[in-house]
Each structure stands twice: as C-alpha cells, then as structure tokens.
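Every chain is numbered from 1, with letters handed out A, B, ... down the list of sequences.
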Amino acid sequence: MKNNFLGLDIGSTMTKVVVLNSDQTFTKIVRTGAEHRILANQVVGELLADVGVDFKEVTYVVSTGYGRLNVPFADRQITEITCHARGVEALFPGIEAAIDIGGQDCKAIKMNGGKVVDFIMNDKCAAGTGRFLEIMAESLGVSIGELGELSLHAERALKFNNICSIFIAQETLLHRSSGASLEDIAAGIHQAIATKVCAMAERVGLERGKVVLTGGGAKNMGLVKAMENKLGFPLLVPEEPLLTGALGAALLAKRHYEEAMQEGKPLATKERILGKVSIFT
Amino acid sequence: MTEGNLAVGLDLGSSYSKIVLLEDSRIRVSRQVPSQGSYEDIAQELFQNALGDEGQSLDAIAHAGVTGYAKVSLPVSYQEVENMHCQVAAVHRLLPEVRTIIDIGGLYTRIIKLNEAGKIKDLTLSAPCAAATGKFLEMVAHIIGVDISKLGDLALKAKTPVKFISSCAVFAETEAISRIAEGIAKEDIIAGAYKAVATKAAILAKQIDITPDCTLVGGTGQNAAMVKYLETELGYPLYLAPSPQYIAAIGAAMVASRNS
C-alpha cells in the first residue's frame, strides 16, 4: 500500500488541503467561512474521493492554520509558521525569507533549510492583510482582482497619509468625489499596504532576490508590483501561493512518519473518521 | 442678516450630521441625521427641516456657523468654524467649571485641556487608527445585529465584559463573531467593546495633565454605558452637557454669533 500524507490548512479566509504520496500531489482550496470551517471534513472527503484514496489509506494527517486545533481527525497540529517555512523550502530550496499575506494576518518568516529562524506576525491591525484589500475593493465597488489590475494602469498613484483601513476607505470616497481616477486610487492603496508589509518584513532581514511571497496577497499583481518597487528587487511567487502551508503540513506529516519508522516507534494516529471540524473546541 | 434673532449651527460629522437653532444660547431646534450620501444634500435637508420645525423663514437667521467634514453651500452666508473651537466655546459657556473635554468621535478620540478663561491649554489626539473609536462600536453593533442606539442599554446589563484581543475596527467583526460562536452573551461582548473604547480614551487623557473636571462631548456623551465605563477608567465622575451630541453644532452657532 502507498503511503498518503495529508496536510489541512484552515485559514481565516481559505481552507487548503494537500495529499501527497510517492508519485503525486493533490490539492483542493475552498473558502473558509463559518460554514465551511464546519465542513472542512467534507472538503477533505471530497479531495480523497476525487483522487480515489480511502481515508483509511492516509498514513498521517497534520492540521495547521487558524483552525488547526479543532480538527478531530488530525494526528498532529503544527503552527502555520512552521508549515509555511517547510512548504516554501520545498518549492524554493535554500530560500531564506518568506512573506505571507493572508486573509486576516500577515507574517514574515526568516528561515534556514526549511526551519524557522525568526518571524514577525501582524494579526492585530487589518492593514497589511487581505481584509484591507477586501475593504478597499468594497468601498470602491470593484472586486479584489479588479483592484489589483486597476492599480497597474495608474498615471499617478495617490498618497495616503496613514494606513488604517477605515481611514483609507473614508479617504478614498473623498478622492472619488473630487474626481481622482480609480486607477490612481487603487495604486495608492497598494502602495500603502506594500509600505506597511515591507517595513514589517524588513525587520526579519531580507536579501535581494531571496524572498518568496505567499498567501492570497501574492495573487494580486498590483500588490506584488508595489512590493517589488518598495523592496527594489523581484519577489519569487509560487504557482499557487495559497498552498504552501498545507503543502508544508503534508511534508511534515511525511517526515514525522519517516522519523517514527527509523526510530522503530509506533505511529500514534487518530481513528480514520472524518469527524466534523467545529469552530470551537 | 441683522433683523433675525436666531443663530444656526451645523455640524457635518463622520457618522452623524447635526443642526441646532439657538436663541440667546437656548436650543430652539435640534436635529440629526446619519451622514449618508453627500454632505451637500444633508446640509440642505437639515437646514430646511430645522427652519420648518420653527415655522421660520430665512430672515429669522442672524448668524450661521458650520463645522465638520465638508464645505457646503447654504442659503445664508455662514462662518466656517474649526470643530475644536466649537466644542471649546460651547463647553465653556454651558459647563464653565469643566477644564477637560473628552471627545470620542467616529474616527478618533481627542482630549482638550482648558484654562479658567476657556482658552485651549493643551491638546492630544489619538493616532490615525480607528481601533477603539466610535467606528469600532459601530462594527460590533453591526455584527451582533443591534441598532447602535440600543447598544448602550445592552452594555449596562452585562455581567462580565469580554476582553477584545485587538481593538482594530476591522477585526472587531471577526472577534465578535468568534465570541458569539463561543456562546458569550451579546451584552458582555458589547460591554467589552465599550470598555476597550473607554480604556483607550482614559490612557490618552492621562497623557496630559488630567483633573477631576472632565466632560464627554459628542454622541457618546449621551450614552450611559460609555459614561459609566469612562468614569470607571478615569476614576472621576463626568460633568455632562444636556445635549452632548449637539455640542459642536451649538458651538458653531455661538462662535458665529460672537464674531459678527
């Protein structure tokens, strides 16, 4: 029987699943939402059914992310910082820093060989997170994708004097009524968030050309460009920037299994029942 | 504009816009509406309705003062007055013993220290961040599904106010959702929000020399829960004006009368 390893990353906004075996990697991404968090078990079930793997054939399960503690079928819970570092290392071997812009937080990780050396996290202020971009898009009446695209066509980016999401949303309305273009507003918004995120990330130490950007923020070209301008060098972005945490979780599941085998220890696992993932324990 | 006997004061705020008609410093009419839509439309509507309430024509208006977020056009000439000066003028007239004005606004908190003559002695303003401001309370009210006007009464029924981990106005939503899901009573969540706002205001007030002669102006001044939590955090009872939400509008009318 093939060994399958499962990584489940329940973020504040998106839920990500990765199943690894010796030949292949399978993935699934859905929106978290209060409802979906309850249904994370269903999401895992669907991915396994799609790839034709029975849950009983899953060797080890690691959960990570904001909702990791509430997964009854996870054999182990590991913080998202550790998982991200591991996932990023697998995609970009030897890389030393990663910035993750999630739905409701933002983190900068300094690493060495996939191990976390240092990290900084902001989950206290919405500025610098995906939520910031959501609020701006809402107040301008466009989608987040459109907001990123618009910013690439700006003539002169507006300058915002502070970074509070609420204040900037208020300011954008004033700019709109005084005739500023959506493009220039969008570019200003991305510059403001890029300034905030880069200032935080630089505190862990960033080396030219050796920084990976992950999370939903990495899917926004406007933000990627604004950050590259700010840092003065290009960022490395995975093909699917949402998956590094779940990938890292699956890889750590595999490593844990291999270590247990080497040491000849029994592998303690939960019963292979896809129990409901509750919001709270 | 000299034959009239009324002074009009208009305050275009971030959350609410207010108007008062004063006759010899006494309020004849007061009205407020949420600041939704253009300030121009809001100003016209408030102005016409206030006059209509009194059955007065434009001729009755001797002085007009406007303060707040926008420039608007009115059918009478008016003086623009800085919001802070409005508050100072009105507080010094209505509550002469007060030396500290605390203003918990929609977007910021401001503390003004006055001297005996009603002149500004010191001033401090919260950082440009909506954490633990009126906006934060609005967001919590929205998530809990309670009208903002009912928020104070509910908070007063709280047993154990929750502690907010982040007072970011945006993350207030997330935190409130989490607390609701944990089964915590909405009264305790709301009271926790008031407590966060009061704590921030008290910390700011204590940065400048604070004495037991404070008033709370703006919409929060008529909110018993806000008053209670702020009094607890400050350690002093507050002096309160009869219509604290209209203080800036009253002051705008007073300053306009004084200067013309």
Side-chain angles (χ1 to χ4, degrees), chain A residues 10-13 32-38 66-67 69-70 102-106 121-139 159-179 192-193 195-196 276-281, chain B residues 12-16 34-43 68-72 105-109 125-140 142-143 145 162-184 196-197 200:
Chain A
I10 304 182
S12 64
T13 312
T32 300
E35 205 177 315
H36 276 114
R37 206 172 322 162
I38 298 170
Y66 176 70
L69 299 176
N70 312 314
Q104 298 207 11
D105 66 16
C106 172
M121 181 158 167
N122 164 37
D123 58 357
K124 296 280 186 283
C125 164
T129 72
R131 191 75 189 94
F132 174 90
L133 290 173
E134 264 176 26
I135 289 171
M136 298 311 140
E138 254 172 55
S139 79
K159 215 169 153 48
F160 289 98
N161 296 321
N162 72 75
I163 190 66
C164 173
S165 312
I166 303 281
F167 275 66
I168 293 191
Q170 195 102 6
E171 263 190 71
T172 57
L173 294 181
L174 292 175
H175 284 304
R176 264 318 261 164
S177 59
S178 63
I193 184 177
T195 304
K196 162 119 182 174
K276 271 195 178 174
V277 178
S278 63
I279 302 183
F280 297 98
T281 43
Chain B
L12 303 164
S14 67
S15 302
Y16 284 88
S35 295
Q36 281 157 9
S38 86
Y39 278 113
E40 191 66 50
D41 294 345
I42 291 168
Y69 274 84
K71 286 196 189 338
V72 291
L107 291 177
Y108 61 82
T109 296
L125 194 68
S126 59
C129 160
T133 61
K135 193 76 195 174
F136 170 79
L137 286 176
E138 269 178 42
M139 301 288 246
V140 171
H142 176 72
I143 285 303
V162 299
K163 191 164 167 43
F164 275 82
I165 299 162
S166 152
S167 55
C168 172
V170 173
F171 287 161
E173 284 182 339
T174 322
E175 279 202 47
I177 291 170
S178 299
R179 298 297 91 79
I180 295 167
E182 284 166 14
I184 290 176
V197 175
K200 178 170 160 171

**Request:** Could you look at A:Asp123 and say if it's the side chain, the backbone, both or neither that has a heavy atom under 4.5 Å from chain B?
**Result:** backbone
**Asked** How long is the span from the CG atom in A:Asp105 to the OG atom in B:Ser166, to the nearest 0.5 Å?
**Response** 12.0 Å
**Message:** Can you confirm whether the side chains of A:Gln104 and B:Thr174 place a donor and an acceptor under 3.5 Å from each other?
**Reply:** yes
**Request:** Could you look at A:Leu173 and say if it's the side chain, the backbone, both or neither that has a heavy atom under 4.5 Å from chain B?
**Result:** neither
**Asked** Under 6.0 Å from the NZ atom of A:Lys124, do we count more than 12 heavy atoms belonging to anything else shown?
**Response** yes
**Separation of B:Tyr108 OH from A:Cys164 SG (nearest 0.5 Å)** = 14.5 Å
**Prompt:** Just how far is it from atom CD1 of A:Ile166 to atom CD of B:Glu138, taken to the nearest 0.5 Å?
**Reply:** 8.5 Å
**Least distance between heavy atoms, B:Ser178 atom then A:Tyr66 atom** = OG-OH, 3.8 Å
**Complete:** Whatever's closer than 4.5 Å to a heavy atom in chain B on A:Ser177 counts as neither
